[in-house]
There are 2 protein chains.
Amino acid sequence: MPTPLEKARKNPDSMKAKILSSARHLFGEYGYHGVTTRMIAKEVGIDISTLHYHWGDKENLYEAVITDIHDEIIGVMLDIEKIVHGKSVEVRLEVAIDVMCDYLFAKPEVPKLIVVSSFGKTRPDGIRDDRLAEHAPNVAIAMGLAPDKKGVSPADTAMVLAISNAMYSFTSGENTFKGILKVEHDEYVTIVKKTLKFILIPAFTQKVAHN
Amino acid sequence: MPTPLEKARKNPDSMKAKILSSARHLFGEYGYHGVTTRMIAKEVGIDISTLHYHWGDKENLYEAVITDIHDEIIGVMLDIEKIVHGKSVEVRLEVAIDVMCDYLFAKPEVPKLIVVSSFGKTRPDGIRDDRLAEHAPNVAIAMGLAPDKKGVSPADTAMVLAISNAMYSFTSGENTFKGILKVEHDEYVTIVKKTLKFILIPAFTQKVAHN
DNA sequence: AAAAAGATGCATCATATGATGGAAACAATT
DNA sequence: AATTGTTTCCATCATATGATGCATCTTTTT
């Protein structure tokens, strides 16, 4: 029996999928409490009762959104791990930064939702997804920071978190930071990738060489 | 004529100050829309009408909170700039990381509010403070990335943003990341500082040497 | 074509929320 | 003590919000 989320994915033109898409966008923009079911319904062009018919209550829809983006981003991570497998540290990092940044810039609601769900609280509590967290050690291994699950130290995981956070911050804060840097989108993307590589590659090669 | 914020600062035991303090804490935890005036009033132990008497409407109180933390953090930045003036790049960065992290760990609502106000939107718009943004180039100069205001490139500013973001992420996400790293507060602080220095110092010395 | 299942919107409800008027309590000034 | 100004809370309001019942329309199945 497919879940509502699976149904929505199966048919991207379905009402379920349209609602999910708008919900992603709006929750990413304004946060859980900043979005009303009416806002979502209005963006889709439907009545709120139709929204509730497809997704149940607001919390349930939000959970679906969180699950959706987590599945997606973990998919991207696995893709990257496949691509970089066997490559040098520099190449691994470079590819990881390029591919992940392209993805995050294309779907800015993803880093925004990850950031708020990691940093902030949602009042009625609940709603939390720890799969990204649990995945961090795997990334550490894939990046060559540690040989196996046993060998991943907190410091290694902290490195992975630092990289992830850097990408999330720059992509979700694009609008603010673009203004500070006084550049347009394309140049912003270039600068971000360059800066990330500039900062991370020296540290990483040093670290991996040390292992 | 002092503003309400100045009055609150002048007397930390005043009702204005107590409300501001609770508002800081709660807005940091749940975001603008996640906090009701009733929640704040309850935490202080007063009626909402007293809250409105002192601070006007919710948006006004939020603005005061944002202004308050921005003044505070810019103060810390200026302190750091004084301390590190004339020191080597390594020492400058080390001190900056230590002092700023200590401050942010002590007042976690500060990075939280900065992150959400940089990344997210608050629905009725308005409410924005760009002083931190405008201050970024000064930090670039203080850190030795550029000789003067004219010489600060977008890439330099991006470096400063990367450092700031890294500190904000690690401090505001402490609760989540502590769990991932499976460490307690004290060790978490140590790891964060170590990781930040490990990543940033090589990149920075390289960059400054290149100038 | 009829029947069944699915999807949609209108009207409506209960509660939450921001906000205010005005009375009462308190403090300062004369 | 009386007066004035400040602070606090109670009662209340208008609107926003999440949610649902039910009738209507649409699609699918028989």
Side-chain angles (χ1 to χ4, degrees), chain A residues 1-23 26-27 29-66 121-127, chain B residues 1-23 26-27 29-66 121-127:
Chain A
M1 187 182 58
T3 65
L5 181 54
E6 285 163 352
K7 279 193 213 167
R9 281 174 178 156
K10 198 156 185 178
N11 186 354
D13 293 329
S14 66
M15 186 52 71
K16 268 193 178 58
K18 281 184 197 162
I19 296 170
L20 184 71
S21 168
S22 281
L26 287 169
F27 281 133
E29 203 81 331
Y30 299 105
Y32 181 76
H33 296 291
V35 176
T36 66
T37 52
R38 279 168 176 81
M39 286 168 72
I40 301 169
K42 193 175 181 185
E43 191 174 282
V44 181
I46 55 168
D47 189 89
I48 35 166
S49 56
T50 304
L51 184 150
H52 283 105
Y53 170 77
H54 284 286
W55 288 103
D57 65 17
K58 184 185 174 186
E59 208 167 313
N60 196 63
L61 174 57
Y62 185 74
E63 274 177 57
V65 167
I66 296 294
K121 281 185 187 166
T122 315
R123 238 190 300 153
D125 284 309
I127 308 177
Chain B
M1 186 182 58
T3 65
L5 182 54
E6 285 162 352
K7 279 193 213 165
R9 282 174 178 157
K10 198 158 185 176
N11 186 354
D13 293 329
S14 66
M15 186 52 72
K16 267 193 178 58
K18 280 184 197 163
I19 296 170
L20 184 71
S21 168
S22 281
L26 286 169
F27 281 134
E29 203 81 332
Y30 299 105
Y32 181 76
H33 296 292
V35 176
T36 66
T37 52
R38 281 168 175 81
M39 286 168 72
I40 301 170
K42 193 176 180 185
E43 192 174 282
V44 181
I46 55 168
D47 189 272
I48 37 167
S49 55
T50 303
L51 184 150
H52 283 105
Y53 170 77
H54 284 286
W55 287 104
D57 64 17
K58 185 186 173 185
E59 207 166 315
N60 196 64
L61 174 56
Y62 185 74
E63 274 178 58
V65 167
I66 296 293
K121 281 183 186 166
T122 314
R123 239 191 300 157
D125 284 309
I127 308 179

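Within every chain, numbering begins at 1; the chains are lettered A, B, ... in the order of the sequence lines, protein sequences first and strands thereafter. The model shown is predicted, which means the values in this text are computed figures rather than measured ones.
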> Please give, in whole Å, the distance from dA7(C) P to Ile19(A) CD1?
Replying inline: 11 Å

>> From the set dA7(C), dT7(D), dT17(C), return the single nucleotide nearest to any side-chain atom of His54(B).
In response: dT7(D)

> What's the CD1-P distance between Ile48(B) and dT7(D), to the nearest Å?
Replying inline: 19 Å

> Where is the tightest heavy-atom contact between Ala8(B) and Ala17(B), given as atom of each residue plus distance?
Replying inline: O-CB, 3.4 Å

> Which nucleotide, dA19(D), dG9(C), dT6(D), lies nearest any side-chain atom of His52(A)?
Replying inline: dA19(D)

> When you look at Leu61(B) and Thr37(B), which way does the side-chain contact (heavy atoms from CB on, under 4.5 Å) test go after all the steps?
Replying inline: CA-CA 10 Å; Leu61(B) 174 56; Thr37(B) 52; over 6 Å; no

>> So which atom in Asn60(A) and which in Trp55(A) form the shortest heavy-atom distance, rounded to 0.1 Å?
In response: ND2-O, 2.9 Å

> What about Ser49(A): does its side chain form a donor-acceptor pair under 3.5 Å with the base of dG9(C)?
Replying inline: yes

> What is the distance, rounded to the nearest whole Å, between atom NZ of Lys42(B) and atom P of dA16(C)?
Replying inline: 12 Å

> Roughly how many Å is it from CG in Asp57(B) to P in dT17(C), rounded to a whole number?
Replying inline: 17 Å

> What's the NE2-C1' distance between His33(A) and dG18(D), to the nearest Å?
Replying inline: 13 Å

> Under 30°, 30 to 60°, or over 60°: which ring-plane class applies to Tyr32(A) and Phe27(A), parallel, tilted or perpendicular?
Replying inline: parallel

> At their closest point, which heavy atom of His33(A) faces which heavy atom of Lys58(A), and how far apart are they?
Replying inline: CA-NZ, 4.3 Å

>> Is there a side-chain contact (heavy atoms from CB on, under 4.5 Å) between Leu20(B) and Lys16(B)? Walk through the geometry before answering.
In response: CA-CA 6 Å; Leu20(B) 184 71; Lys16(B) 267 193 178 58; over 6 Å; no

> Toward the 5' end of DNA chain D, which comes first, Gly56(A) or Arg38(B), by nearest nucleotide?
Replying inline: Arg38(B)

>> Return whichever of Tyr53(A) or Thr37(B) has its heavy-atom-nearest nucleotide of DNA chain C closer to the 5' end.
In response: Tyr53(A)

> Just how far, in rounded Å, is P of dT20(C) from CH2 of Trp55(B)?
Replying inline: 17 Å

At a cut-off of 3.5 Å, list every protein nitrogen or oxygen paired with a nitrogen or oxygen from nucleotides 23-29 of chain C, distance to 0.1 Å.
none

>> If I compare all heavy atoms of Thr50(A) with all of Met15(A), which pair ends up nearest, and what's the gap?
In response: CG2-CG, 4.3 Å

>> What is the separation between atom CG on Asp47(A) and atom C1' on dT24(D), rounded to the nearest whole Å?
In response: 13 Å

>> Using every non-hydrogen atom in the two residues, find where Glu43(A) and Ser22(A) come nearest and quote the distance to one decimal.
In response: OE2-OG, 2.9 Å

> Rounded to whole angstrom units, what separation is found between the OH atom of Tyr32(B) and the C1' atom of dA16(D)?
Replying inline: 14 Å

>> Testing the basics here: between Val35(A) and Ile40(A), what is the closest heavy-atom pair and its distance to 0.1 Å?
In response: CG1-CG1, 3.6 Å

> Looking at residues 7-16 of chain B, who's got a heavy atom less than 4.0 Å off DNA chain C?
Replying inline: none

